[in-house]
Amino acid sequence: EKLIERFEDNELCGCAYYDIATIHRNKGRNGQALAALREGIEKYPSYGAVNLLRNMEKEILKPYFNLYNYDNRYYSGSTIRLRVRHKNLDRFTVWLRKVNCPLDTLQKYQNRAEELKRYSKFYSEQKFALVRDKDYQVRDTLVSMTLPQESGVYLMEAIGNQVGSNLTML
């Protein structure tokens with residue numbers, strides 16, 4: 001920071017902002033890293049490596065979504081727990097699709113939910129709210145979802161704001 005104060009007119013100070021942001025990121029302070037990056041981009045837009053600053057900014061702001069199923073037994077009408085790992089997202093949606101196919105087809109694709117999707121029809125949708133981390137970090141959130149009363153085989157597809165999706169057979 002002293003280097004920036006001393007040589008403020010030199011566009012190579014953009015590199016110092018990148019280094020400051022890297023230090024903040026390594027310490028888990030993405031908010032401070034983002035502030036340094038934005039200041040560097042604003043002060044030195046013609047800096048030769050300004051794209052390094054922009055790329056790190058994009059990486060910090062990039063959304064992330066993944067869903068893990070806590071339960072491995074499913075019963076009609078039961079409640080299951082879902083662990084959601086997310087970053088920079090406010091919500092996600094779960095679609096349930098009911099599978100309708102012969103038993104031999106179900107056995108053939110039992111570990112390949114994507115293949116079973118063509119034998120399924122939309123059944124229901126549930127939306128869940130998420131709380132963003134104030135420092136742009138990945139968060140874990142645990143939510144519960146009630147399964148349909150109607151027995152059968154279902155596919156669960158979870159979508160996080162067009163970021164990513166998980167498809168699982170229940």
Side-chain angles (χ1 to χ4, degrees), residues 18 21-38 41 51-170:
Y18 180 82
T22 300
I23 291 167
H24 285 307
R25 273 197 89 187
N26 289 342
K27 292 183 177 182
R29 299 186 304 233
N30 283 337
Q32 290 174 291
L34 196 57
L37 292 166
R38 289 178 172 164
I41 291 167
N51 283 339
L52 285 175
L53 302 173
R54 289 187 179 121
N55 288 341
M56 187 184 287
E57 178 187 36
K58 285 178 188 174
E59 185 60 36
I60 290 171
L61 296 174
K62 181 180 176 182
Y64 171 79
F65 175 80
N66 207 341
L67 182 127
Y68 304 91
N69 197 341
Y70 260 53
D71 302 312
N72 57 6
R73 291 193 179 132
Y74 314 104
Y75 303 101
S76 300
S78 66
T79 300
I80 60 171
R81 296 171 299 160
L82 306 171
R83 179 177 144 220
V84 184
R85 290 188 59 85
H86 59 94
K87 181 178 96 165
N88 300 333
L89 294 174
D90 298 317
R91 66 188 178 284
F92 75 99
T93 304
V94 173
W95 291 336
L96 286 181
R97 302 176 64 84
K98 186 162 185 177
V99 177
N100 185 12
C101 66
L103 186 58
D104 63 329
T105 303
L106 193 58
Q107 289 174 333
K108 179 179 178 182
Y109 297 123
Q110 68 181 346
N111 294 321
R112 298 187 312 219
E114 194 62 46
E115 297 289 335
L116 280 174
K117 195 172 181 180
R118 66 180 169 194
Y119 297 101
S120 68
K121 291 193 184 215
F122 177 80
Y123 184 82
S124 67
E125 172 182 280
Q126 289 187 36
K127 294 181 184 281
F128 297 90
L130 297 171
V131 177
R132 289 180 184 232
D133 186 88
K134 293 177 184 166
D135 207 24
Y136 307 94
Q137 299 289 336
V138 173
R139 282 187 87 144
D140 284 337
T141 301
L142 192 63
V143 298
S144 296
M145 183 178 96
T146 303
L147 296 177
Q149 290 290 336
E150 187 179 336
S151 63
V153 176
Y154 293 87
L155 296 178
M156 177 180 68
E157 186 169 13
I159 300 111
N161 281 13
Q162 312 297 323
V163 173
S165 68
N166 295 85
L167 185 65
T168 307
M169 186 168 78
L170 298 176

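All residue numbers refer to positions in the sequence shown, counting from 1.
Within the structure, salt bridge (Lys or Arg N to Asp or Glu O under 4.0 Å) pairs that include any residue of residues 74-84 comprise D71-R81, R83-D140 (at least two apart or interchain). Counting only residues at least two apart or on different chains, no salt bridge (Lys or Arg N to Asp or Glu O under 4.0 Å) pair has a member in residues 104-113.
No side-chain heavy atom of L82 sits under 4.5 Å from any side-chain heavy atom of L142. In this structure, the side chains of L147 and S76 stay at 4.5 Å or more apart for every pair of heavy atoms. You'll find the side chain of T141 reaches within 4.5 Å of the side chain of V143, heavy atoms only. K87 is not listed as a side-chain neighbour of D133, based on a closest heavy-atom distance of 4.5 Å or more. Taking the side chain as every heavy atom from C-beta outward, T79 and M145 never approach each other to under 4.5 Å.
Listed for the T105 side chain is no donor-acceptor partner under 3.5 Å among the backbone atoms of C101. Side-chain N or O atoms of N30 include one that pairs as donor or acceptor with a backbone N or O of Y136 at under 3.5 Å. Side-chain atoms of Q126 never come within 3.5 Å of backbone atoms of W95 as a donor-acceptor pair (strictly under, hydrogens ignored). Under the 3.5 Å distance criterion, the side-chain polar atoms of N88 are matched with a main-chain donor or acceptor of L61. For D135 (side chain) and Q137 (main-chain N/O), no donor-acceptor pair under 3.5 Å exists by modelled atom type.
Under the salt bridge (charged side-chain N to carboxylate O under 4.0 Å, His left out) criterion, K58 pairs with no residue, sequence neighbours left out. Every residue two or more places apart in sequence or in another chain that forms a salt bridge (charged side-chain N to carboxylate O under 4.0 Å, His left out) with E125 is listed here: K127. Scanning for salt bridge (charged side-chain N to carboxylate O under 4.0 Å, His left out) contacts around K27 gives an empty result, with sequence neighbours left out. With sequence neighbours left out, Y109 forms a side-chain hydrogen bond (donor to acceptor under 3.5 Å, both in side chains) with R118.
Closest heavy-atom contact between R25 and A33: CG-CB, 3.7 Å. Here the closest heavy-atom approach between residue A158 and residue F65 is recorded as O-CE2, 3.6 Å. Between S120 and R97, the closest heavy-atom pair is OG-NE, 2.9 Å.
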Which is it for M156 and N69 under the side-chain contact (heavy atoms from CB on, under 4.5 Å) test, yes or no, and what are the steps along the way? CA-CA 10 Å; M156 177 180 68; N69 197 341; 4.2 Å; yes
side-chain contact (heavy atoms from CB on, under 4.5 Å) between M56 and T22: does it pass, once the steps are laid out? CA-CA 9 Å; M56 187 184 287; T22 300; 3.2 Å; yes
Show, in sequence, the C-alpha distance, side-chain angles and deciding distance for V84 and F92, and conclude whether the side-chain contact (heavy atoms from CB on, under 4.5 Å) test is met. CA-CA 9 Å; V84 184; F92 75 99; 3.6 Å; yes
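To the nearest 0.5 angstrom, L116 atom CG is 6.0 Å from L106 atom CG. To the nearest 0.5 Å, the span separating CG on L89 from CZ on F128 amounts to 14.5 Å. With values rounded to the nearest 0.5 angstrom, H86 atom NE2 is found 4.5 Å from L130 atom CG. With rounding to the nearest 0.5 angstrom, the OH atom of Y75 is 13.0 Å from the CD1 atom of I80. The structure places CG of N55 at 8.5 Å from OH of Y18, a figure rounded to the nearest 0.5 Å. Considering CG of L34 and CZ of R29, their distance stands at 14.0 Å, rounded to 0.5 Å.
Looking at R38 and E57, a side-chain N of the basic residue comes within less than 4.0 Å of a carboxylate O on the acidic one, giving a salt bridge.
The environment of R91 atom CZ is sparse: at most 12 non-hydrogen atoms of other residues, nucleotides or ligands sit within 6.0 angstrom.
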